[in-house]
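Below is one structure, written out as structure tokens; comments come after it.
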Amino acid sequence: WQPPRDQLIKMNFVEVTPEPLSLDRIHQLVVDPTCGAVCHFVGTTRDSFEGREVVRLEYEAYEEMARKEMLAICLQARQRWSCLRHLAIYHRTGLVPVGEASIIIAVSSPHRSEAIKAVEFAINAAKATVPVWKKEIYAGDQPPQWKVNAECQWAGTAAASAGADKPASPGEAASSAGGARPANGHA
């Protein structure tokens with residue numbers, strides 16, 4: 001069974017928000033009586049990176065473009081696995097303390113295999129294409145550091161134009177790259 005394209009869009013839930021993310025709430029968006037599998041990925045702030053104590057992350061996003069990219073990821077997942085029922089991709093912005101979620105992806109499907117594969121596809125695609133920037137804030141007097149994902153498709157170009165230490169911010173990327181996608185840094 002494959003619903004019409006206009007119904008597929010209604011079955012995709014994407015959001016960029018400064019509010020804390022709720023796995024229970026997002027789970028309820030995707031659960032469906034026709035599905036025997038609901039799979040989740042929750043990316044959380046960890047307390048250390050390369051021997052440094054991390055106290056929090058700070059995220060910035062080009063929200064309109066981020067939502068469009070997340071919706072595109074949902075549609076690409078549906079092209080690969082036509083049985084998927086509901087998909088949700090939520091990303092947090094602002095301050096995200098240690099232990100809290102910065103991204104949640106949830107997928108429902110009649111069977112587990114497709115749901116598991118779709119969740120893995122979605123997080124990898126999000127890290128590569130969604131315009132979100134991450135700054136790690138460390139304990140003590142260590143300066144904060146902007147992070148770039150290795151998966152990010154445009155990180156080298158945009159980061160180089162913005163300076164070696166910081167990926168391009170939403171405004172910098174749009175002006176320095178003539179509207180091209182900025183560097184990305186997810187959890």
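None of these values were measured; they are calculated from a predicted model. Heads up: numbering here begins at 1 and tracks the sequence.
- Note: Lys147 NZ to Phe49 CZ = 3.5 Å, rounded to the nearest 0.5 Å.
- Val14 approaches Leu71 most closely through the heavy-atom pair CG1-N, 3.8 Å.
- Across Leu84 and Ala118, no two heavy atoms sit closer than the pair CD1-CB, 3.7 Å.
- Side chain of Thr45 to backbone of Val96: a donor-acceptor contact under 3.5 angstrom is found.
- The pair Glu58-Lys134 does not meet the salt-bridge criterion, since no charged nitrogen lies less than 4.0 angstrom from a carboxylate oxygen.
- Ring pair Phe13/His86 is tilted by interplanar angle, where 30° to 60° counts as tilted.
- Considering every non-hydrogen atom in both His40 and Leu23, the closest pair reads CD2-CD1, 3.6 Å.
- Both Trp81 and Val107 are assigned to one and the same hydrophobic cluster, defined by single-linkage of ILVMFWY side chains at heavy-atom distances under 4.5 Å.
- Of the candidates Ile104, Val132, Ile105, His91 forms a side-chain contact (heavy atoms from CB on, under 4.5 Å) with just one, namely Val132.
- The minimum heavy-atom distance between Thr93 and Ala61, with the atom names listed, is CG2-CB, 3.7 Å.
- In this structure, Cys35 and Arg85 approach most closely via the heavy-atom pair SG-CB, 3.4 Å.
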Taking it one step at a time, do Cys74 and Met70 satisfy side-chain contact (heavy atoms from CB on, under 4.5 Å)?
-> CA-CA 6 Å; Cys74 291; Met70 292 187 304; 5.8 Å; no
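- Heavy-atom minimum distance, Phe41 versus Val119: CB-CG1, 3.5 Å.
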Could you walk me through whether Ser102 and Tyr59 pass side-chain contact (heavy atoms from CB on, under 4.5 Å), step by step?
-> CA-CA 8 Å; Ser102 55; Tyr59 286 94; 3.2 Å; yes
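- Salt-bridge formation is not detected for the pair Glu136/Arg52: no Lys NZ or Arg NE/NH1/NH2 atom is positioned less than 4.0 Å from an Asp or Glu carboxylate oxygen.
- No hydrogens or angles considered: a donor-acceptor pair under 3.5 Å links the side chains of Asp32 and Thr34.
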